[in-house]
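For reference, the structure discussed in these notes is given below.
Treat the numbers as computed from the prediction; the structure is a model and nothing was measured. So that the names make sense, note that chain A is the first sequence line, chain B the second, and so on, each numbered from 1.
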Amino acid sequence: MPAAARGDRRGAAHRDRPVNTVATALAVAAGSAASGSAASLISGRVRAAVVGVCTGVSGVAGCCAGVAALGGARWSAELPWLLPLAGVHLHVDALSGLFMAVAGAVVAAVSLYGVGYSGHGRGGAASRGVQGVLPLFALTLVLVPAAASVSTFLVLWEAMALASLLLVLAEHRERPSVRTAGVWYAVMTHLGLVLLLTGLAWFAAGAGGEDFASLREGAGDLSPAARGGVFLLVTAAFASKAGAVPLHAWLPRAHPEAPSHISALMSAAMVNLGVYGIVRVGFDLLGGGARWWWLVLIAVGGLSAVYGILQAAVSSDLKRLLAYSTSENMGLVLIGVGAAGLFAAAGQRGPAALALGAALLHVVNHSAFKALLFCAAGSVLRATGVRDMDRLGGLRARMPVTAGLFALASLGAVALPPGNGFVSEWLLLQSLIHGLAVPGLSTAIVLPLAVALIALSAGVAAAVFVKALGVSFFARPRSPQAAEARESPASMLAGMGLLAAGCGVLALVPGLLGGALDRAVATAGLTGAGPLTGGGLRVELDGLAARLSPLWVTAALAAAVVLAAALPRLAVRRRSRHVRRRDVRLWDCGGGSPTPRMAYTATSFAEPLQRVFDDVLAPEQDVDVTPVRESAYLVERVRFQHAVPDRVEHRLYRPVLAALAVTGRGARRLAGGSVHLYLGYGFAVLVLLLAVLAVGW
Amino acid sequence: MSGVGVAAVAAQVLVVVLGTPLLTGLMRQVRARMEGRAGAGVAQPWRDMRKLLRKTPVTPTGTGPAFRVAPALLVATTAVAAALVPLASTATPVSGEADLILVVALLALGSVALALAGLDTGTAFGGMGASREMTVAALVEPTILLAVFALSIPAGTTNLPRIVEGALHEPARLASPAGLLATAALAVAVLAETGRIPVDNPSTHLELTMVHEAMVLEYAGPDLALVELGAQMRLTVLLGLLASLFAPWGIATGASAAAVALGLVLFAAKVAMLGAVLAAAEVFWAKVRLFRVPELLAGSFLLALLAVTSSYFLGGV
C-alpha cells in the first residue's frame, strides 16, 4: 500500500529530527488554547470572537497532530517537571491520533459555530467564565488520548470532567434544571473517576510501574482474576463516560442543559474518549482478555443501543432525543469493540480487526453527524427559545439552511445509504455476520442477537429522526416562538457547513480512511490484519466478498431521481403544454382548513411505538376528571398527564439514592453536637485501631 | 460480458418499471374473480397511471421540497434496488456491489422519504400514516436483517449474486430447515414492507385502518402516479427478491443474451405466480389491528432467529 509506505517514511523522517509535526501541532494547540483562555478577560462583543478563533486554531492544530499520527508519525515525551511526584508522560500513536483528529476537527467546527451562538450576548454561554473554560475543555479533549501514564491520564481526564462540568452549569441562572443536571453529572463523573482510579491503581501496582509501557509489559504478570477486575472497574468508568446504559443517567440530563455548542463537544468528542479508554486499556494495555469480558461489553452495548433509541423515540425534547441517540450510537460502538475482543480471544485476528475498525469508523461518523445535529438543534433553540418539539414546526420555511443541514445529519444518523452512518453500520454488520466463522457456542448465540439488536435500533432510529426532522422542521408552526424564528448568523452556518462537509466526505469516500483505520487497529494490538482495502472510492473487505461503493450508489440514486422526475413529463403528452404546478388547499374533510393543532406532534408520532414497547418503557398516565358540583355526570375539567420516565433511572438509581438518604439521616444521630462525644469517638476509634494492630500483628 | 451485462441491468429495471402495473392489474383481477366480480382487466393500472400523468401537477398549501421530492425518490430507490438484485442475471457490471443489506437499506430510504412527505403536509392524516409506517418499518428491520444473516451463512457473504449462484449450484440449501425458515420469515417481512394484508390494506381509505394510504393522501396527479408506481415497484422487487433467493432457477449466470432473455421471462412468470398466490391468499385473510402487527412480526422474527441458529448448528459451519 503506497499510502502507508509514504506515511511510514514520513514518520521515520520525523523521528530523526528533534521536532516533529505532532509535537509542533500539540504545542500550537496548547498555546492557542491558553491564549484563548486568557482572551476571555477582554470585555465586549469581541470576546466571543477572539476566544472562538483561538479555540478553533487549537482544534485545527489538534486535528493536524491526529492526522500526522494516523499517517504513521509517532511522538513521545516525558516532562518530569510539569507534575509533582509522577511527572507527565505523553505518547501519540495511531490509536490516539484517531481520537485526537476527531476531537480536533469537532472542536474547530464547533468553536466557529460557538462564536455566533454565544455572540448574541444573552445568557450564560457568553459569560467570561464560560468563555475562559471553553478553550481549556477543548484542549483536554485533544490531549487525553496523548496521555501515556496513569497519573497523566487521570489528571487530564479529571481536568476534562471539571471543565465540562463548569460548562454544563453555564446557564444555571436561567433554568433550575441546569443545577440538577450539574449535580447528577458531577456525582456520576466522580464516581467514574473513583472506579478508574481504583482500577488503574490496581493495575499499576500489579504491573510494577505506572507509565503505559510498563503496564503493557507487566500485564502478563497479573492473575486472570486481577486482570478481569481491572477490566471491569475501568470499563464501568469508561462506559459511564460513553453514556452506556445503565450508567447513562447523567447524559440525557447534562447534554440538553448545556449550551448547544458545549453539548456538541460533549456528545461528539467527550463520549468518544470513553470508547478510547476501553480500547486502550482492554486491547493495548491488558492485551485482550477472556471471553466473558467481551460478552459483558456486548451486552452493555446492546442494552444501550436499544434502550437509548427507545428513550429517544418517546422523547419530545429535541436535545434530550439527541442525547439518548448518543447513548444508542455508543452502544453500537461497544458492540463492535466487544465483538472484536471476542474474536481476538478466540485467536481470530481478521474478524477482530474488522469489528474494531467498524467500531472506530462509527465513532468518527457519529462525531460528524452528532456534532452537526446538536449545532442545528442549538440554532433552533437560539431562534425560538424552545426545545419541546411539540411546540416547534414550520422551521423549514423560516430557517431553510438549518433545516437542510439537520436533514443531512439525520440521514447520517438513520444509517441509510447516502448517509455516513450507513457505511459504518454496514461494516459492523459485516463483521458480525462473518464473525460466525469464529468457533464457539457463545459466538453462535451472541452474534445473531447482536445483529437483531443493531437492526432494531437502526429501525427505531429511522422513526426517531423522521420524527425529529418532520415534527420540528416541517408542517406549520405550533407556537408563536416557532412562527417568528429567523435563520442563524453566518458564523454558525459556517461552522455547521464544515461539519456537513465532513459528513459528506465520510459518506461518499469512506475508503479514504481505510489506511488510517488499519493503522489505528494495528496499534490496538491486532497487527497485520488490515481488514479494509481498496481505499478511495469503495470499501472492500479483505478476503470476503463484500464491497460497497457509496459514491456510485449516490450517483445512481441522484440519476434515478432526476429520471423519475423528468421522464413522466416527457412521456405523456398533456392537453396543454407547460402546465405550471398549481397551489391547492389541503384536504380538510370538508371541515374547514386544518389548524396546526390538528397536526401530529412528537408525542402523537411516538405513541404507536410507545404502545408496542409499553413493557420496556413503562409510561405513566394520569387522567384527572373533575365534575361540576351539581352533577357527577357533567365534567368541568379534565386534566391529562403523560410522562415516560427513564425506567432504568427510576428502578436503579432511586432505591440507591433513597438508601443513601436513609443512611445519612441515621448517621446524623451520631453527630450530637457535643465536643465530648466527638472526642469520645476519636478515642474509641484509636483504641479499636490499636486493638486491631495488636491482634493482627 | 459487459455489453450483455449492461443490457441485463437495463432490462431488469425496464421490466420492473413497465411490468409492475401489469402485476398489480393481475393481482386485482385474481382477487376480483375470486370474489365473484368481473374485474377491470389486467391493464387497468396502466390506464390509471396514464390518466394521472396527464393531470395538472398540484402542490398542497404549505408543503415543501420534502413533499415534492419524495415520489421521485421512492421510485428511484426502488429502481436502483431493481438494478442491483439479480432478478434475471447474476453476471452484471453491478454484481460486485449488489449487497443484500444495501438493497434492504435502499428500500427503507424510500419509506423514510414518504413518511417525511406525510409529515410535511401538516395534516392529521399525513402524520398518522407516517407514524404508523415508521412503527411497522422499525419492527420489520430486525426480521429482515436476521433473514439476511441466515441466508448469508451458507454462502459466506451478503453479496446477492453470490448467494443466488451458491443456491443454483447447490439446490439442497433451499430445502434445508434454515432455508425454509428464512423463506417464511422473509415472506412475512415482505408483506409488512409492501403494506399488504394482514399488515395494511392497500385498497382501504378508512382512517382507522389505513397506513400507507394515509401518508400519501395529499398526493394527486403525476405525483400520485409516481407514488403508486413506486409502491407497486417495491412489491415487484421484493417478490422478485424472494423468487431469486428461494427459486433461483433460470437466472442467467453467464454472459449469453439468450440466457438473460430466458431469465427475464422466468422472472416475470415467477413474480406473476407469487403475486397471484398472494392475491388469492388475501381474499381469505383479514387485516389485523395495528397493535396486533407486532405479534405477527415477533413471530417472523422468531422464525428468522431459528433460521440462523439452525443453519449454524445443522450447517456445521
Side-chain angles (χ1 to χ4, degrees), chain A residues 396-397 414 416-417 422 426 429-430 433 436-437 444 448 451-452 455-456 458-460 462-463 466 469-471 474-476 544-549 552-553 556-557 560-561 564-565 568-569 571-572 574-575 579 581-587 594 596 598-600 604-605 607-609 611-612, chain B residues 50 53-54 56-62 64 66 72-73 75-77 79-80 96-97 99 101-102 105-106 108-109 112 115-116 119-124 127-128 130-132 134-135 137-139 141-142 145-146 149 152-153 157-159 162 217-218 222 225-226 290-291 294 305 308 312 317:
Chain A
R396 186 235 317 124
V414 296
L416 290 180
F422 175 69
W426 179 81
L429 286 172
Q430 290 291 348
I433 287 175
L436 207 59
V451 166
L456 182 62
V460 181
V466 163
L469 179 64
V471 174
F474 292 172
R476 272 158 297 159
L544 305 169
R547 195 162 74 186
L548 189 68
S549 314
W552 294 119
V553 171
L557 265 182
V561 167
R569 285 189 207 171
V572 181
R574 287 215 191 83
R575 290 198 185 97
V579 195
R581 286 187 85 90
R582 206 151 51 83
D583 263 18
V584 289
R585 274 172 42 198
L586 288 166
W587 169 242
M598 292 179 193
Y600 252 50
S604 43
F605 187 88
E607 206 268 349
L609 264 180
R611 263 220 227 182
V612 171
Chain B
R50 202 182 53 183
L53 283 173
R54 280 182 179 170
T56 317
V58 296
T59 308
T61 317
L73 192 58
V75 173
T77 51
V80 173
E97 331 286 327
D99 193 84
I101 301 173
L102 176 66
L106 277 174
L109 181 67
V112 165
L116 281 173
L119 280 173
D120 197 20
T121 61
T123 59
M128 187 171 71
S131 159
R132 292 176 178 176
M134 290 319 294
T135 306
L139 299 175
E141 198 95 341
L145 273 184
L146 266 191
F149 195 173
S152 66
I153 293 172
T157 172
T158 55
N159 182 281
R162 291 276 194 101
L217 203 63
E218 292 295 335
L226 278 182
L290 184 66
F291 292 106
L305 194 61
V308 174
Y312 181 82
V317 177

(request) Assess whether side-chain contact (heavy atoms from CB on, under 4.5 Å) is satisfied between L557(A) and L106(B), documenting all intermediate values. (result) CA-CA 9 Å; L557(A) 265 182; L106(B) 277 174; 3.9 Å; yes

(request) Could you tell me whether the side chain of F474(A) reaches within less than 4.5 Å of the side chain of L116(B), counting heavy atoms only? (result) yes

(message) Given heavy-atom pairs under 4.5 angstrom as the criterion, report whether the side chain, backbone, both or neither of V58(B) touches chain A.
(response) both

(request) Find the one option among L146(B), V308(B), V75(B) whose heavy-atom pairs under 4.5 Å with chain A are most numerous. (result) L146(B)

(message) Under a 4.5 Å cutoff for heavy-atom pairs, which residue among L73(B), T158(B), L290(B) has the most contacts with chain A?
(response) T158(B)

(message) Between T77(B) and chain A, with a heavy-atom cut-off of 4.5 Å, which part of the residue counts as in contact: side chain, backbone, both or neither?
(response) both

(message) Treating R132(B) as the side-chain partner and P608(A) as the backbone partner, does any N or O pair qualify as donor plus acceptor under 3.5 Å?
(response) no

(message) Given heavy-atom pairs under 4.5 angstrom as the criterion, report whether the side chain, backbone, both or neither of D120(B) touches chain A.
(response) both

(message) Can you confirm whether M134(B) sits close enough to L609(A) that some side-chain heavy atom of one is under 4.5 Å from a side-chain heavy atom of the other?
(response) no

(request) Using a cut-off of under 4.5 Å on heavy-atom pairs, state which of P594(A), A462(A), A444(A) scores highest against chain B. (result) A444(A)

(message) Donor-acceptor pair, distance only, cut-off 3.5 Å: does the side chain of N159(B) make one with the backbone of G96(B)?
(response) yes

(message) Report which part of L102(B) has an atom under 4.5 Å of a heavy atom belonging to chain A: side chain, backbone, both, or neither.
(response) both

(request) Just give me the residue among V471(A), V451(A), V553(A), L586(A) that pairs up with chain B most often, heavy atom to heavy atom, under 4.5 Å. (result) L586(A)

(request) Please state whether the side chain, the backbone, both or neither of A130(B) comes within less than 4.5 Å of a heavy atom of chain A. (result) both

(message) Please classify the contact of L217(B) with chain A as side chain, backbone, both or neither, using a heavy-atom distance under 4.5 Å.
(response) side chain

(request) Heavy-atom pairs under 4.5 Å with chain A are the metric here; pick the option from A115(B), A225(B), A66(B), G122(B) that has the most. (result) G122(B)

(request) Indicate yes or no: at least one non-hydrogen side-chain atom of T135(B) is less than 4.5 angstrom from one of R611(A). (result) no

(request) Please name the pair of heavy atoms, one in A72(B) and one in A564(A), separated by the smallest distance, quoted to 0.1 Å. (result) O-CB, 3.8 Å

(message) Below 4.5 Å, heavy-atom pairs only: which of L139(B), D99(B), L226(B) has the largest tally toward chain A?
(response) D99(B)

(request) List the steps, then state whether side-chain contact (heavy atoms from CB on, under 4.5 Å) holds for V414(A) with V112(B). (result) CA-CA 10 Å; V414(A) 296; V112(B) 165; 5.6 Å; no

(message) Counting heavy-atom pairs closer than 4.5 Å to chain B, which one of L456(A), V466(A), V460(A) comes out on top?
(response) V466(A)

(message) At a heavy-atom distance under 4.5 Å, which candidate from A137(B), A138(B), S152(B), S131(B) has the highest pair count against chain A?
(response) S131(B)

(message) Tell me if a side-chain donor or acceptor on E218(B) pairs with a main-chain N or O of W587(A) at a distance below 3.5 Å.
(response) yes

